[in-house]
Peer 1: 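My questions all concern the structure below.
Everything quoted here is computed from the prediction, not taken from an experiment.
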Amino acid sequence: MKTKLRPRQYGPLRTLSRRLTPTRLTHWLGIRAISMAPEQIALREGLRAAVAVGIMMALALTLQMPLMAWSAFAAFWTCLVDPGGPLVARLRTLLTFGTMGTVIAAIMSMAAGYGPVLAAPLLAVIVLCCGLSRLRGATATQIGVLAAIVAVVAICYPMPPHGALVLAGLFALGAGWAVVVCTIAWPVDAYAPLRQACAEIFREEGRMTRRMVIPPRQGMAGISGAHTSIGAYRREIRSRIERTRARIEILSPDAAGSQTRAVLLPTLEICDRIFVVLIAFEHAVLLAPPSPMTRRILRHLMVMLERAARVVGHPPPDTMALQRHIARIDMLCAHENSLYGRGARTCATALRDLLSTLSETPRQHPVIHDGGRTAHQARWRGWPMVLRHAMRLSVSVLVAYDITREFSLPYAYWAMMAVVVVMQPQGVITLPRTIERVVGSIAGGLLAAIMGVVLPMWLILVLIFPLAAATIALRAVNYTLLVLFMTQLFVLVTDLVSPGAGWDVGMARSVNNIIGSLVGLAGCLVLWPERRGPALATQVAEAFIANIRYAVMATGTHEAERDKIEQARRMAGTTSTRAEIQCQQTRLEGLHRSARLDRAEQILFALRQMAGMASVNWMERSLSPSSAEATTPARFAQVMRQMEWPEIVSPPHRTLPSLDEMAAMLHDMTPVGEDTRTS
């Protein structure tokens with residue numbers, strides 16, 4: 001009896017986003033450090049923010065108090081700083097930001113009233129302190145960024161002491177109102193974003209499986225297409241796994257709670273187990289076209305992974321359909337002793353463990369108490385980079401402040417805000433952020449200017465609600481979309497409290513954002529620039545060493561614990577991903593078809609094949625203990641002797657091989673069909 005698939009209904013924004021963002025587009029953006037995550041749409045959080053901002057704006061217009069726009073801005077920033085998670089941690093974060101914002105607004109507005117001689121140095125000190133907040137983790141970083149934004153906006157509102165206190169009181173009113181809405185009036189599922197991130201990994205693995213069903217093209221074009229496909233999907237899945245793992249592990253043990261440590265981390269490990277099997281499948285498909293039986297197994301596996309994504313992403317989970325598909329895989333592959341049959345049974349076992357994890361109570365899992373201390377120590381080891389970033393941020397904000405004063409630009413705080421949000425500790429991250437900020441600001445400014453001229457005042461007030469909702473709902477999806485809607489929101493709010501501005505507000509927003517973004521980018525490149533990242537040849541060499549190490553450990557020459565093999569496999573995947581991204585960026589810089597770049601890509605493609613073969617060997621050893629004594633291919637041992645590695649876990653420091661040396665060593669390690677047992 002065939003099982004009919006009835007997909008679960010998604011929210012309207014998430015469904016529309018999935019249809020308008022092809023997977024190939026998200027992969028293309030991802031390898032260029034531009035994140036696109038349609039699964040992270042937060043509609044309830046957006047509606048909550050819309051209520052908080054909309055009511056404050058309606059109250060400001062009713063009372064005819066233009067300055068009360070500060071309450072709307074405070075409500076919006078407070079909703080933006082909400083980190084999610086347990087209520088106690090969220091409440092502490094919201095109240096911390098509300099208190100800091102109130103104090104900073106009063107101090108900066110009062111200092112600006114005495115002139116730039118006092119205000120500018122004070123602004124530099126406050127921005128420097130906000131930049132140093134990165135030492136205390138991701139949540140403190142978000143608080144510091146938004147507190148710096150409050151400072152750069154308040155300096156453009158110079159007032160006497162009593163006026164500054166009124167301004168601070170309006171900020172406290174808006175922030176307090178947002179805290180009430182976020183924590184009491186409209187609670188949301190705190191762990192939904194992390195569950196959706198885990199679910200999307202299962203979906204990516206399903207898409208990776210779907211591509212295996214399509215017969216690969218033959219010849220050089222087929223090899224090039226296979227290279228592109230392998231690189232894109234393996235990079236995307238490995239990057240998603242590591243990003244999600246980082247998001248889970250940055251939570252302290254008490255904040256993470258039993259649900260995070262007991263459900264999400266095991267779910268992520270199950271994703272990783274399935275990823276190993278898919279790499280082995282992909283390697284086998286490249287060597288020989290799949291048979292009809294293999295295609296049938298892959299199609300059932302693809303559907304099973306999609307069901308797993310729905311189970312993980314939508315609590316309480318409906319597990320009946322997934323249980324039926326697991327049973328169907330077991331029945332289909334019960335007597336199938338090929339690589340695909342054994343691998344499919346491994347995936348079914350992993351998903352059975354997933355169901356067991358989801359059904360158990362959180363109390364049955366121990367909570368790791370040293371994770372927060374380890375993360376804290378790692379953050380403090382990076383204090384030189386944080387200090388450099390804070391100093392660059394402080395100087396760049398002052399430069400933007402001086403530029404806006406020199407040319408008497410209206411709404412100067414938008415330029416300084418752009419500096420704060422664009423500048424990142426690494427220049428390679430700042431560049432794509434600058435591009436996204438400029439594109440979103442120009443598009444949003446033009447749209448808001450048109451609306452400000454054409455639409456009546458009452459309709460603009462109505463539009464504040466959906467714009468605030470869209471801004472918060474899309475904040476984790478894509479930065480360009482966030483800036484696009486946030487620009488329209490801020491411009492229309494300004495237009496409401498300053499009627500008649502029309503095109504001027506939108507144009508000022510666009511111009512100031514371009515100025516601030518360019519100042520921020522220049523600050524990263526000129527002020528205490530960080531050392532340039534490893535050269536392409538160095539990154540390829542690191543990927544080469546990591547993949548050889550994983551291959552040797554997985555094929556059994558050196559006995560190693562499963563955890564060590566897992567660590568070696570993750571290192572091989574992450575180093576290969578970094579090297580491939582560096583290849584893409586090098587092409588964008590203008591080296592279109594250099595022989596050096598072609599050689600690097602050929603080496604990385606060969607390393608992907610090697611990782612696939614190693615995954616096949618490891619999977620077969622895990623499934624069949626008798627194969628653990630199989631002889632490791634002599635080419636691995638030969639390369640180890642060439643690299644002078646006395647042991648595989650911690651090779652000694654030595655000169656890295658050149659591209660030509662790696663190509664020569666890989667020439668003798670070209671996978672052949674007999675090395676991969678597909679039947």
Peer 1: With rounding to the nearest 0.5 Å, note down the distance linking NE2 in H325 to OG1 in T319.
Peer 2: 12.5 Å
Peer 1: Compare every heavy atom of I274 with every heavy atom of A350, then report the nearest pair and how far apart it is.
Peer 2: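 In terms of heavy atoms, the two residues are closest at CB-CG1, 4.1 Å.
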Peer 1: Compare every heavy atom of L339 with every heavy atom of A284, then report the nearest pair and how far apart it is.
Peer 2: CB-CD2, 3.7 Å
Peer 1: Between R295 (side chain only) and V213 (backbone N and O only), is there a donor and an acceptor less than 3.5 Å apart?
Peer 2: yes
Peer 1: Looking at E542 and T575, would you say the former's side chain and the latter's main chain have a donor-acceptor pair under 3.5 Å?
Peer 2: no
Peer 1: Show the nearest heavy-atom pair for residues C333 and G341, with the distance to one decimal.
Peer 2: CB-O, 3.8 Å
Peer 1: Just to verify, what does R352 make a salt bridge (charged side-chain N to carboxylate O under 4.0 Å, His left out) with, not counting sequence neighbours?
Peer 2: D330
Peer 1: I need the L43 CG to L474 CG distance, nearest 0.5 Å.
Peer 2: 9.5 Å
Peer 1: Would you say the side chains of T346 and T349 form a donor-acceptor pair under 3.5 Å?
Peer 2: no
Peer 1: Can you name the side-chain hydrogen bond (donor to acceptor under 3.5 Å, both in side chains) partners of R299, sequence neighbours left out?
Peer 2: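 By the side-chain hydrogen bond (donor to acceptor under 3.5 Å, both in side chains) rule, R299 matches no residue at all.
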Peer 1: Which heavy atom of I270 sits nearest a heavy atom of F202, and at what distance?
Peer 2: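 Closest pair (atom of I270, atom of F202, distance): CG2-CZ, 4.3 Å.
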Peer 1: Where is the tightest heavy-atom contact between C198 and T244, given as atom of each residue plus distance?
Peer 2: SG-CG2, 4.0 Å
Peer 1: Taking side chain as C-beta onward, heavy atoms only, is P290 less than 4.5 Å from M212?
Peer 2: no
Peer 1: Is R210 salt-bridged to E306, going by a charged N under 4.0 Å from an acidic O?
Peer 2: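 So R210 does not pair with E306 through a salt bridge.
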Peer 1: Does a side-chain N-to-carboxylate-O contact under 4.0 Å join E269 and R273?
Peer 2: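 Not counted as a salt bridge, because no side-chain N and carboxylate O are separated by less than 4.0 Å.
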Peer 1: Crowded around M320 CE? As in, over 12 foreign heavy atoms under 6.0 Å?
Peer 2: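 No, CE of M320 has 12 or fewer neighbouring heavy atoms, counting only those of other groups under 6.0 Å.
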